[in-house]
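Numbering of residues begins at 1 and proceeds along the displayed sequence.
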Amino acid sequence: TPPPSHSYPPWCGHCKALAPEYEKAASALLAHTPKVSLIKVDATVEEDLAEKFGVRGFPSLKWFRRSEPSDYTGGRTEKKIVDWVKKKTGAPSIALGDSRDLVEEFVESHEVAVVAFLGHEHADERRAFDTASYHAQNGGDDSIPFAVAPAKLAAAFGVDAEGDAPPAAPTVVLFKKFDEGKVRYVGRGGDPRKGWDSDTLRAFAKAHSLPLVIPFTEEMAPRIFGGESQTHFLAFCDADAEPELVQTLSEAARAYRGDMLFVTIGKESARIRDFFDVREEDFPTARLVVMGEETLRKYRFGSAAGDGETAGATASLTSLADVSSFIQRFKAGELSPDLKSEDPPEPNDGPVTMVVGRTFDEFVLDPDRDVLVQFYAPWCGHCKRLAPVWEELGVTLTDVESVRIAKMDATANEHQQVDVSGFPTIMLWPATVGGASGAGVEYEGAREMAGFMEFLQEHATIPFTAPERSSDEL
């Protein structure tokens, strides 16, 4: 039985507003099949339980299926709760009738649809397909619809690629209103009747549910950047005016399907162009982007690798060989990230050293100095308030040769050793350790002189005596 659980403290106003709706939803679901239980937990009493399931705010609703919790994502009225639960507990796959017309109607009514052609003898395949369908509907796979049709209809909807005969059941066909129109699930060893497991079926559906080359729009952004794929080939171009370029990307996308997404971005998408430092006059160009939980790496499409006359030549996005070479060099770890950097400032001999991307190794990864760096943004109010304190810290430690106080505008400069998620971020690169590994230690204390001095004396590799401060400074 998969019950939703509602954690609440008695004093919470939002919880009191939810309570009658939750009670009505529980009553409405009494006769539901399968049985569903709605449970309330007073998190101020059951503190250990709330901590176990990561309850941080109230009211907090969790959905449990086979003892596995997930977040409730529906509304807070009786109807929305009931509808959400019914969707979660309904039949994983739609059962289509014996008519070919019903299958065609189902396919026609969806942008993407997955149909399994199964008979009564295919019980194991049906279980795998239903499990894949359930996770697709409840795992954020953009609600790709799954359906089951009789095995006898398989031939009528088979994929006749390259002269192959229509596949015999059991088989799965994904229908889509773009690219090749439909594609057959290829099981183990190229036999669509073998290798049925839910994870592989779900991965197949996800991989083919997006176009080979995706035009960027604000509506598509969550599917592009919020999906499981962390690697994206972003082509900044006029897709309508450059069909040869799009054709090249399509061929590359087909070759690297499952490894990365291929996306075209037009000049009208100013915000994303600015983020990736692409000007209109740079078109057409590309960035290969790797997005981790806390990191983002960009690689600029540029010179082509080659021998003889082709070595160092300007790569072209209309050349499949150039695009493939760029991707292969990325996969082999032969590319360096594309990092922003301002020009080094002159002069730069003040009490606080100004660091830019190109001078980070010189000034920060210094094996002979402990270097404390403030990463700031020009527009950040907290950074502006910190500025006089940071300047005072630099002045105070000017005569300490083993310590350098520095700052870097992290909106205009990047370095592969640094991932800044907020401003200001303050990090110390200890002497010798910084030169050897580039590992920094983040400061998380109060933004005041005493805290900075204590942090430096605790973490600095080279011991130093803090200069005495006058009574006016204390």
Side-chain angles (χ1 to χ4, degrees), residues 294-295 336-337 339-474:
E294 298 181 356
T295 61
S336 297
L339 302 170
K340 293 188 292 187
S341 178
E342 296 178 298
D343 292 330
E346 294 183 0
N348 192 17
D349 54 3
V352 175
T353 300
M354 301 301 297
V355 178
V356 298
R358 293 204 301 271
T359 61
F360 190 93
D361 288 359
E362 175 187 356
F363 289 132
V364 179
L365 304 185
D366 185 340
D368 300 318
R369 289 198 183 191
D370 295 291
V371 184
L372 188 66
V373 187
Q374 178 202 160
F375 299 96
Y376 71 96
W379 42 260
C380 168
H382 295 296
C383 304
K384 292 176 181 178
R385 286 191 288 274
L386 176 61
V389 179
W390 202 251
E391 186 74 11
E392 180 188 354
L393 181 65
V395 169
T396 301
L397 296 173
T398 294
D399 295 330
V400 180
E401 291 294 327
S402 64
V403 175
R404 173 179 287 132
I405 304 302
K407 64 192 297 186
M408 185 172 94
D409 179 353
T411 67
N413 300 278
E414 297 173 324
H415 190 276
Q416 58 189 4
Q417 300 289 351
V418 179
D419 291 299
V420 176
S421 57
F423 301 108
T425 292
I426 298 168
M427 298 185 72
L428 172 71
W429 270 263
T432 67
V433 175
S437 67
V441 181
E442 185 168 356
Y443 175 77
E444 296 179 337
R447 297 170 188 152
E448 56 188 28
M449 280 287 292
F452 294 141
M453 294 296 292
E454 182 180 346
F455 178 77
L456 276 167
Q457 291 187 309
E458 178 182 353
H459 294 281
T461 300
I462 303 172
F464 69 94
T465 300
E468 292 186 8
R469 302 169 65 192
S470 68
S471 58
D472 291 339
E473 296 178 293
L474 296 174

Pairwise side-chain contact, [X] with [Y], heavy-atom cut-off 4.5 Å (strictly under):
{"X": "Gln374", "Y": "Cys383", "answer": "yes"}
{"X": "His382", "Y": "Arg447", "answer": "yes"}
{"X": "Pro430", "Y": "His459", "answer": "no"}
{"X": "Asn413", "Y": "Thr359", "answer": "no"}
{"X": "Tyr376", "Y": "Asp409", "answer": "yes"}
{"X": "Val418", "Y": "Val364", "answer": "no"}
{"X": "Val356", "Y": "Asp343", "answer": "no"}
{"X": "Leu372", "Y": "Leu393", "answer": "yes"}

>> Run the side chain to side chain contact (heavy atoms under 4.5 Å, CB included) test on Ile462 and Arg369 for me, step by step, so that the C-alpha distance in whole Å, both residues' side-chain angles and the decisive distance to 0.1 Å come before the verdict.
In response: CA-CA 8 Å; Ile462 303 172; Arg369 289 198 183 191; over 6 Å; no
> Do the rings of Tyr443 and Phe452 sit parallel, tilted or perpendicular, given the 30° and 60° boundaries?
Replying inline: tilted
Point-to-point distance, once rounded to the nearest 0.5 Å, from [atom1] of [X] to [atom2] of [Y]:
{"X": "Thr465", "Y": "Gln457", "atom1": "OG1", "atom2": "CD", "value": "8.0 Å"}
{"X": "His415", "Y": "Asp361", "atom1": "NE2", "atom2": "CG", "value": "3.5 Å"}
{"X": "Thr461", "Y": "Leu428", "atom1": "OG1", "atom2": "CG", "value": "7.5 Å"}
{"X": "Met427", "Y": "Glu444", "atom1": "CE", "atom2": "CD", "value": "9.5 Å"}
{"X": "Glu401", "Y": "Phe464", "atom1": "CD", "atom2": "CZ", "value": "13.0 Å"}

> Counting only heavy atoms not in Glu346, do more than 12 sit closer than 6.0 Å to its CD atom?
Replying inline: no
>> Please determine whether the number of non-hydrogen atoms from other residues, nucleotides or ligands lying under 6.0 Å from atom CD of Glu454 exceeds 12.
In response: no
> Counting N and O atoms only, with roles assigned by atom type, does the side chain of Lys340 sit under 3.5 Å from a partner on the main chain of Thr411, one being a donor and the other an acceptor?
Replying inline: yes
> Backbone N or O of Val373 within a donor-acceptor pair of the Trp390 side chain at under 3.5 Å?
Replying inline: no
>> By the definition salt bridge (charged side-chain N to carboxylate O under 4.0 Å, His left out), identify the one residue from Asp366, Asp368, Asp370 that meets it with Arg404.
In response: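 Passing option: Asp366.
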> Run the side chain to side chain contact (heavy atoms under 4.5 Å, CB included) check on Leu386 and Ile426 step by step: do they pass?
Replying inline: CA-CA 11 Å; Leu386 176 61; Ile426 298 168; 4.0 Å; yes
> Is any side-chain N of the basic residue among Glu342 and Arg358 closer than 4.0 Å to the acidic one's carboxylate O?
Replying inline: no
Nearest atoms (heavy-atom pairs only) where [X] meets [Y]:
{"X": "Val355", "Y": "Ala406", "answer": "CG2-CB, 3.8 Å"}
{"X": "Gly357", "Y": "Ser341", "answer": "N-OG, 3.3 Å"}
{"X": "Val420", "Y": "Gly422", "answer": "CG1-O, 3.2 Å"}

